[in-house]
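Every heavy atom of this structure was used, including side-chain atoms; hydrogens, water molecules and symmetry mates were not.
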Amino acid sequence: MIDKLEFFIALAKEEHFGRAAEVCGVTQPTLSAGIKQLEGQLGVMLVLRGSRFQGLTPEGKQVLVWARRIVGDTRTMREEMRAARHGLSGRIRIAAIPTALAMVARLTTPFREKHPGVTFSVLSRTSIEVLSLLGNFDIDAGITYLDNEPLGRVTSVPLYDERYQLITAIGNPYSDRDKVTWAEISHLPLCLLTPDMQNRRIIDQHLAEAGVEVRPTLESNSMIVLFSHIRTGKWSSIMPLNLTETFGFSEPIRAIPIVEPDASHTVGLVAALREPHTPLVSALLDEAMALADDFRAPARLGNAGAGIR
């Protein structure tokens, strides 16, 4: 039954019998036969069939919810038994929004020191992709915004507040300022993340609130591309405070706080809403809470430069 449910989950995700069979490591006839057997056991049609996959029936959509729950519980049980025998081991799959990638090492490094049998896979994804991957069991946890767009049913641990700075070269407009407004930076040649990134949607939102609209001269889904263009001295950008602190900008590049408004958005760790979590995810959530305390410590000490809750 578990194998058949996994076949069904893969088909719902891939929307193609051949690709689903490849994901499951079986032949297409084996996958098709397994799903037909599942339909026979449940007494309902799950898949709309023609010459190719045409979608799920209403009953199939209901069964998909149960299938994900049952398969998830089965994986949790297996992990708990493995952890009971050998301690925590295995691979944790994390997807993070680009602006949070620089801080992932602050989570993974102390975790692996405590659990050396664990390895990691870290992907850069949009906030929408993070939630989709989480819902499909393709990742164990994500790092994304918590307070700007709907998250759905997830467990979350707030890590830090993202605040925004103008990154520009000395000699460019406003480079001698201690702060700059959202309206003022609209006149600069900006390189920004692409519109599918929530960070970009946040930036566009605050610019619109200031009554201006920006047409960036360069867009990319890669922070490395943005950094390389900023370093030429010919481009400016808007980046989170924590990111600029992690990478560090020295002369001739300046990071200038953006005000009016002094905006912030919370970034945190998210995992599927389920009890119990797998031992690996449960331990990762604990590590995230410890990291959140580290982020809050500068604020408690009155370090205004940190700007992190």
Side-chain angles (χ1 to χ4, degrees), residues 1-26 28 30-50 52-82 90-97 121 123 125-157 198 268-282 284-285:
M1 174 65 79
I2 298 299
D3 288 344
K4 294 168 190 172
L5 292 175
E6 290 187 332
F7 291 171
F8 181 57
I9 291 171
L11 179 61
K13 177 188 173 187
E14 299 296 331
E15 300 183 341
H16 188 278
F17 281 93
R19 289 196 299 269
E22 185 177 348
V23 167
C24 294
V26 299
Q28 183 171 329
T30 298
L31 181 131
S32 297
I35 290 176
K36 285 182 179 179
Q37 291 168 9
L38 182 62
E39 289 176 323
Q41 288 175 301
L42 297 176
V44 294
M45 293 294 294
L46 303 176
V47 180
L48 297 171
R49 293 177 178 84
R52 62 185 66 185
F53 177 84
Q54 295 181 350
L56 301 181
T57 65
E59 294 82 2
K61 293 176 182 178
Q62 288 180 278
V63 170
L64 182 60
V65 175
W66 282 100
R68 287 172 171 162
R69 186 181 305 173
I70 292 167
V71 169
D73 286 344
T74 302
R75 292 176 180 174
T76 300
M77 178 184 67
R78 289 171 178 164
E79 278 199 25
E80 284 191 353
M81 295 306 99
R82 185 172 66 241
R91 179 176 292 272
I92 297 181
R93 303 161 299 169
I94 300 172
I97 55 174
S121 172
L123 306 173
R125 292 292 185 268
T126 68
S127 57
I128 293 173
E129 290 171 333
V130 168
L131 297 178
S132 176
L133 291 169
L134 201 60
N136 288 326
F137 297 108
D138 291 324
I139 58 172
D140 302 296
I143 299 175
T144 187
Y145 295 100
L146 302 185
D147 62 356
N148 189 58
E149 296 178 356
L151 290 174
R153 292 171 55 81
V154 298
T155 297
S156 63
V157 177
Q198 192 171 168
L269 184 80
V270 294
L273 183 62
R274 61 180 305 110
E275 287 294 341
H277 290 290
T278 67
L280 284 174
V281 171
S282 181
L284 188 67
L285 290 168

> Check Leu56 against Ala12 and note the closest heavy-atom contact, atom names and distance.
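Residues Leu56 and Ala12, closest heavy atoms: CD1-CB, 4.0 Å.
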> Nearest 0.5 Å, please: how far is CD1 in Ile9 from SG in Cys24?
9.0 Å
> Could you work out, with salt bridge (Lys or Arg N to Asp or Glu O under 4.0 Å) as the rule, every residue matching Glu129, not counting sequence neighbours?
none
> Locate the shortest heavy-atom distance separating Ala271 from Val281; write the atom from each residue and the value.
CB-CG1, 3.8 Å
> Partners of Ser282 by side-chain hydrogen bond (donor to acceptor under 3.5 Å, both in side chains), sequence neighbours excluded?
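Checked Ser282 against side-chain hydrogen bond (donor to acceptor under 3.5 Å, both in side chains); zero matches.
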> Of all residues at least two apart in sequence or in a different chain, which pass the side-chain contact (heavy atoms from CB on, under 4.5 Å) check with Ser156?
Leu146, Val270
> Please test Gln198 against Ile97 for side-chain contact (heavy atoms from CB on, under 4.5 Å), starting from the C-alpha separation and ending with a verdict.
CA-CA 8 Å; Gln198 192 171 168; Ile97 55 174; 5.8 Å; no
> Among residues at least two apart in sequence or on other chains, which ones pass side-chain contact (heavy atoms from CB on, under 4.5 Å) with Asn136?
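Result, side-chain contact (heavy atoms from CB on, under 4.5 Å) vs Asn136: Lys13, Arg68, Ser132, Asp138.
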> Only counting residues at least two apart or in another chain, list the ones meeting side-chain contact (heavy atoms from CB on, under 4.5 Å) with Glu15.
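With neighbours one apart ignored, the set is Phe53.
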> Going by salt bridge (Lys or Arg N to Asp or Glu O under 4.0 Å), name the residues that satisfy it together with Glu59, two or more places apart in sequence or in a different chain.
none
> In Å, rounded to the nearest 0.5 Å, how long is the span from CG of Leu5 to CD1 of Ile35?
10.0 Å
> Going by the rule side-chain contact (heavy atoms from CB on, under 4.5 Å), which residues pair with Ala272 if we only count those two or more places apart in sequence or in a different chain?
none
> Tell me which donor-acceptor pairs under 3.5 Å the side chains of residues 39-46 have, and how far apart each pair is, sequence neighbours excluded?
residue: Glu39; atom: OE1; partner: Arg49; partner atom: NH1; Å: 3.2
residue: Glu39; atom: OE1; partner: Arg49; partner atom: NH2; Å: 3.1
residue: Glu39; atom: OE2; partner: Leu46; partner atom: N; Å: 2.7
residue: Glu39; atom: OE2; partner: Val47; partner atom: N; Å: 3.2
residue: Glu39; atom: OE2; partner: Arg49; partner atom: NH1; Å: 3.2
residue: Gln41; atom: OE1; partner: Lys4; partner atom: NZ; Å: 3.3

> Within the structure provided, determine whether Leu38 and Phe7 are in side-chain contact (heavy-atom separation under 4.5 Å).
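The answer is no, as the side chains (C-beta and beyond) never meet within the 4.5 Å cut-off.
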> When you measure from the side chain of Arg125 to the backbone of Ala95, do you find a donor-acceptor pair of N or O atoms at a distance under 3.5 Å?
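No; zero donor-acceptor contacts below 3.5 Å.
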> Could you measure the distance from the CD1 atom of Ile2 to the CZ atom of Arg75? Nearest 0.5 Å is fine.
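Between Ile2 CD1 and Arg75 CZ, I get 10.0 Å after rounding to 0.5 Å.
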> Minimum heavy-atom separation for Leu284 to Ala141, with atom names?
CD2-CB, 3.7 Å
> Assess the residue pair Thr57 and Val63 against the criterion (side-chain contact (heavy atoms from CB on, under 4.5 Å)); give the C-alpha distance rounded to whole Å, side-chain angles, the decisive distance to 0.1 Å, and a yes or no.
CA-CA 10 Å; Thr57 65; Val63 170; over 6 Å; no
> With sequence neighbours excluded, tell me which residues meet side-chain hydrogen bond (donor to acceptor under 3.5 Å, both in side chains) with Glu22.
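Partners of Glu22 under the side-chain hydrogen bond (donor to acceptor under 3.5 Å, both in side chains) test: none.
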> Which heavy-atom pair separates Thr144 from Ser127 by the least distance, and what is that distance?
OG1-CB, 3.3 Å
> I'd like to check the side-chain hydrogen bond (donor to acceptor under 3.5 Å, both in side chains) partners of Asp73; sequence neighbours left out, ordered by chain and number.
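For Asp73, the residues satisfying side-chain hydrogen bond (donor to acceptor under 3.5 Å, both in side chains) (neighbours in sequence not counted) are Arg274.
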> Give the C-alpha distance, both sets of side-chain angles, the deciding distance and a yes or no for side-chain contact (heavy atoms from CB on, under 4.5 Å) between Val71 and Phe8.
CA-CA 11 Å; Val71 169; Phe8 181 57; over 6 Å; no
> To the nearest 0.5 Å, what is the distance between CG (Leu133) and CG (Leu123)?
7.0 Å
> Between Thr155 and Leu285, which heavy-atom pair has the shortest distance, and what is it?
CG2-CD1, 4.3 Å
> For Leu131 and Pro150, work out which heavy atoms get closest and say how close.
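Shortest heavy-atom separation between Leu131 and Pro150 comes out as CD1-O, 3.8 Å.
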> Would you please name every residue forming a side-chain hydrogen bond (donor to acceptor under 3.5 Å, both in side chains) with Thr30, sequence neighbours left out?
Thr27
> For Arg93, check salt bridge (Lys or Arg N to Asp or Glu O under 4.0 Å) against everything at least two apart and list the hits.
Asp140
